[in-house]
Amino acid sequence: MLIGAAVIFLAVLAISALAILRPAVVASFGARRTILWGGLIVPTVILTILVIAAFALGERLLATPREEMPLRIDVTARQWNWEFRYPGGESTANKVRIPVGEDVDFALTSEDVIHGFWIPRLGGKLDAIPGHTNVIRLRADRPGTYGGVCAEYCGTGHAVMPFTVEAVSREEFYSVPAQSAELRP
Amino acid sequence: MTSQTLSGKKIGGGTLLLLAAGFTIWAAAFVALYAMQSVGCAYGWQELEILSGVTLQRLQMSAILTIHLGAIALLVRLLHNHRDQFLLRAAYWAALAALGASIFNFAPIFVLSPCT
Amino acid sequence: MSLDRKPDPIRLHKELTAIWETPPGWARLSAVNHTTLGKRFIITAFVFFAIGGLLAMLIRVQIATSSTAFVSPELYGQFFTMHGTVMMFLFAIPMFEGFAMYLLPKILGARDLAFPRLSAYGFWCYLFGGSILIVALLLGAAPDSGWFMYTPLSSSTYSPGINNDIWLLGITFVEISALSAAIEIIVSILRLRAPGMSLERMPIMAWYLLITAMMMLFGFPPLILGSILLELERAFDLPFFDPTRGGDSLLWQHLFWLFGHPEVYIIFLPAAGAISMMIPTFARHELVGYTAIVVAVVAVAFLSFGLWVHHMFTVGIPHLALAFFSAASGLVAIPTGVQIFAWIATLAQGRRPRWDVPMLYLGGFLFIFVLGGLTGVMVAMVPFNWQAHDTHFVVAHLHYVLVGGFVFPMMAATYYWLPHFTGRVSDHKISIPAFWLIFGGFNLTFFLMHLTGLRGMPRRIDAYPAEAGWDWLNLISSIGGFVMAAGFALFVVDLVLQVRFGTAAPRNPWGARTAEWAMPTPPPAYAFASLPQVQDRADRLDPNSLGTDLAAGKGYLPFARNGWMETLGVDMATGKPGEVIVLPNRTYKPLISGVLTCAFVLCLLFKFYWASLLVLALVVGSLLGWASGMGSRRDCALLEAGRGLVLPPHWQTERPPSWWAMVLVCAADATLFASLLFGGLFLWLVAPAWPPPLVAQPSLTIALFAAMMVIGASLSGRLAVSALRQKRSAIVMLRLAGVAQAAGFATFLLMALQVPDPTAHAHLAVIFVVLIYAAIHAGIGVILALHGLWRWHGGYLSALRSLDLRIAQLWHYYAAVTAIISLLATFLFAFLASHAEGPRS
């Protein structure tokens, strides 16, 4: 997408420069055709491809219901910390452990104002909104520690609301019963 | 709307509204689809299968889209023969643009997840 | 007065100047002239731009590195909130209004806008409203919840101070100015043009401004409604946005962005209009693709209302709904592309384009805006948006679009029209280094910011740890910001030098072919000594010969009559002249009304609610006072209009500008009302904490009585007009209309008071507000009926002069229709609330 944008950008600049420096070249293409191709046809084709690709990708990222639902961690945001609650009943503040290599659903809500749940290296973000529960499906492919932040302005503590995600092996994760209600293979 | 009043002398201020007619139908389709999508999800229509593989949610949204596309197409046809006058010509092109925009804009109702 | 004597340019100039000019000294406060007020708007907007820029510098210092933070998070919140607020509401919109006000009559071949006093009132509202915000900033009590004021952060629970009330009331105050400007622009373009200027002959900028003003008419009411509801929640605890009592913070987001996204195009389109005026001049070829551009602008106007949710991709809306908005956001690039390629094609048609300072700035526009448009398409794609949303990538994108799409074209426009403003040309080429500093500084600041955002830096954080690795990027951005500021300082120096020391400009220095150059520069207050007859598209004129002819009185209205400020009204579509419009002379009334309106806002701000009712009565009284002295006490014979044309005065015609203004007021009002009903349905469908503990039970009998009253009022209003037209007395019917509206007012108020505890649940609060809405409209109906009686007794009404009553009649109709819808909505909401288990099961 970045490369495509760069190409389009340079093309538009080049055509404009040409129109100023060598008007005859552009004029020979015909005014109507310049507008029709430059303004309508080419952008429509590019946008159609882009939109279809984006929709297909978006569908794959959705937390759609499936036969065996992924691990679900309830997240409650408040000014200015995050509380994570595992299926097994344990809850932690500002840090969460997840199993590597499998999808995890984070069910987000807020106790006060709107917060934005974002772990930049794991994917997109979703807002935690009071009165609503939003589910975001993320997956860590490698073990390690990932930083998370609040993305939506939530008051004076907005900048000091980080949390950490520790992705551990599945064996390690499921060996703690307080985290997982039942043991998974 | 007969061709007499359209192409004849009576090009009044009201003709200006024709310029917006196509996209007004687009806007109506937008509002109807967005609203009915929310209503359908609230009532769980995405799980009610009417025909094999077609849910009530998709069916009602397709119906809404068809009606609006039909209305714009009709408008385009009506304006097609009256392109001699500036406002009507512009209205024709605007209606055509609205038709294209509607197809591009609302095609996702046939494929994407309606409620997640 | 003799109209048949031979026109003498010098005498004509002196006579017209005596009528139109704003005298020096304190009398300046009485100005209603579009040239004067346009300049005031532009200068005031530039001062606010400087304030906003200063705030930006403070922001850039704070986050220049991980260790440069110098203010508390509280103050930082005020800085970025005010930076956004000032730039959007106090700079961009008023700047475009100022340009429109100054230029419109001149490119349309008219002497002024349709409602000069409204221009003045709009200016005072803007100045006072903006000043309230700036004073709050100086006192450390400025709004601090971000410029889009998301609830619940902006609600009284989490922001108890006065800060956010200042935003809600101050900005709504400024929006009165924007809405009145929109109405004035629409009516002026449709009705106040030169004879012969049919719609297809209008200069392209008139199309841009017409469509932009229509967008304002429908785009601002949702935000005004949102602000009113949020202020009602903050002041009286009506829970529209409180999730614990059936409200929803998402309702605010919808209302805000339903305004907020069109707003971006409301800012861009006038700038694009200015570009479409400048490009043909420098290309030395008329604009190519006139019709295509008109259609493209219509398409942008509509599409821009279909993409507001792309600001809300991360709030948990289903993918299919996001897809509508994502597709529309992508689509809007196409009509924008059509415009850009029409400009390119225009440049290519002429011989080699003339290269001068405005073209340099337009080059800057193209570079920056195209980049901003491309990142715009990126963030319109849902998966990418989930990554980039609320990061510095979006900050970079929006600055590319707004600075590229508005600031650069406006600087080009400044250099292009400065000879018109001042009558001088620039001998100094400071404009060129200024350009490179601004352009270079801008890209330095914001290009790297894309990267900062992709590396994970969220918006609006006041500090960040050094480990984050954003230090060098932010430092370069901050340095770029200061380079840009130096560029703007140079720009100001250049303007001052030109205004003070520039050499006198010849008429039409760029060789333009539009009507605004067919006058002396700086322009006289009356703009045209006589009005042109337009034979061809109005960008194919020869301003030099036309200007001489018009100054010599060879056009329409080449005289000063009765001390009247006269211009011509034409048929909307064909441009056939239909009436002589007599504009109100300069007066202090707009200032008085503006001061009183400001007092009203301050009363609300400091919670003197009872006093505010008294002040509101004074505001209404002062506005009604505008009518006194307008119109005529006797039927007028037809008036000479020059060149053998004889026309009636506007108050004796069927649909003069003020009638259209009332239609537009109703359209804007209806948008607000529709947003309110949408809000009610939205909360029922989506909000948490439903069904309500208590459901409203409106009485059918009382509702029927209320409906009868408002229907009766509109019938009486109608009959009053027919009585007047048949030369009978209208008194009885006017009284009847007044009484019926008063009864309607009382009944709706009663119904509203019967709603059990509106603070308990959003369901009740919505019904309460819907009924109050109907009551207020009936109340205004009472005032209009009384006003009709007053005009009748003053002798201003006759069979020929029924305008006041016909305007009131429009209102009675509108009030009746909305009142009945209010009643239906009340019953519908009550029904839905008691059956709300359905959707949530």
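When reading the values below, keep in mind they use all heavy atoms of this one structure, side chains included, and skip hydrogens, waters and symmetry mates. A, B, ... follow the sequence lines: proteins, then strands. Residue 1 opens every chain.
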**Student:** Between atom CD1 of C:Ile344 and atom OG1 of A:Thr34, what is the distance when rounded to the nearest 0.5 Å?
**Tutor:** 8.5 Å
**Student:** Under 4.5 Å heavy-atom distance to chain C, tell me which part of A:Leu62 shows up: side chain, backbone, both or neither.
**Tutor:** side chain
**Student:** With a 4.5 Å heavy-atom cut-off, do C:Thr391 and A:Lys125 have their side chains touching?
**Tutor:** yes
**Student:** Heavy-atom distance under 4.5 Å between the side chains of C:Arg352 and A:Leu21, does that happen here?
**Tutor:** yes
**Student:** Answer with side chain, backbone, both or neither: which region of A:Val51 has an atom nearer than 4.5 Å to a non-hydrogen atom of chain C?
**Tutor:** both
**Student:** Are any of the side-chain heavy atoms of C:Pro458 and A:Cys150 separated by less than 4.5 Å?
**Tutor:** no
**Student:** Report which part of A:Trp37 has an atom under 4.5 Å of a heavy atom belonging to chain C: side chain, backbone, both, or neither.
**Tutor:** neither
**Student:** So with a 6.0 Å cut-off around CZ of C:Phe447, is the heavy-atom count from everything else above 12?
**Tutor:** no
**Student:** Look at the side chain of C:Gln349 and the backbone N and O of A:Ala27, then say whether any donor-acceptor pair between them is shorter than 3.5 Å.
**Tutor:** no
**Student:** Tell me, side chain or backbone of A:Asp127 under 4.5 Å from chain C's heavy atoms, or both, or neither?
**Tutor:** both
**Student:** Given that the side chain runs from C-beta out, which part of A:Leu18 has a heavy atom under 4.5 Å from chain C: side chain, backbone, both or neither?
**Tutor:** neither
**Student:** Give, for atom OH of C:Tyr150 and atom CD1 of A:Ile114, the distance between the pair rounded to the nearest 0.5 Å.
**Tutor:** 7.0 Å
**Student:** Counting only heavy atoms closer than 4.5 Å, note whether A:Ile129 contacts chain C via side chain, backbone, both or neither.
**Tutor:** side chain
**Student:** Between A:Ser16 and C:Leu366, which heavy-atom pair has the shortest distance, and what is it?
**Tutor:** OG-CD2, 2.9 Å
**Student:** Can you tell me how far the CZ atom of C:Arg459 sits from the NE2 atom of A:His158, to the nearest 0.5 Å?
**Tutor:** 9.5 Å
**Student:** Do C:Asp248 and A:His132 meet the criterion of a side-chain donor-acceptor pair at a distance under 3.5 Å?
**Tutor:** yes
**Student:** Which heavy atom of C:Gly350 sits nearest to which heavy atom of A:Pro23, and what is that distance?
**Tutor:** O-CB, 3.9 Å
**Student:** Who wins among C:Val370, C:Ile340, C:Val315 for the most heavy-atom pairs under 4.5 Å with chain A?
**Tutor:** C:Val315
**Student:** Is the shortest side-chain heavy-atom distance between A:Trp118 and C:Thr314 below 4.5 Å?
**Tutor:** no
**Student:** Quick one: does C:Trp355's side chain get under 4.5 Å of A:Ile20's, heavy atoms only?
**Tutor:** yes
**Student:** Is A:Glu152 close to C:His389 at the side-chain level, that is, under 4.5 Å between some pair of heavy atoms?
**Tutor:** yes
**Student:** Shortest non-hydrogen contact from C:Pro383 to A:Leu57?
**Tutor:** CB-CD2, 3.7 Å
**Student:** Does the side chain of A:Phe55 come within less than 4.5 Å of C:Ser326's, by heavy atoms?
**Tutor:** yes
**Student:** When you look at CZ of A:Arg142, are more than 12 heavy atoms from neighbouring residues, nucleotides or ligands closer to it than 6.0 Å?
**Tutor:** no
**Student:** Hey, is CZ on A:Arg32 packed in by over 12 heavy atoms from elsewhere, all under 6.0 Å?
**Tutor:** no
**Student:** Are C:Leu153 and A:Gln79 side-chain neighbours, meaning at least one heavy-atom pair lies under 4.5 Å?
**Tutor:** yes
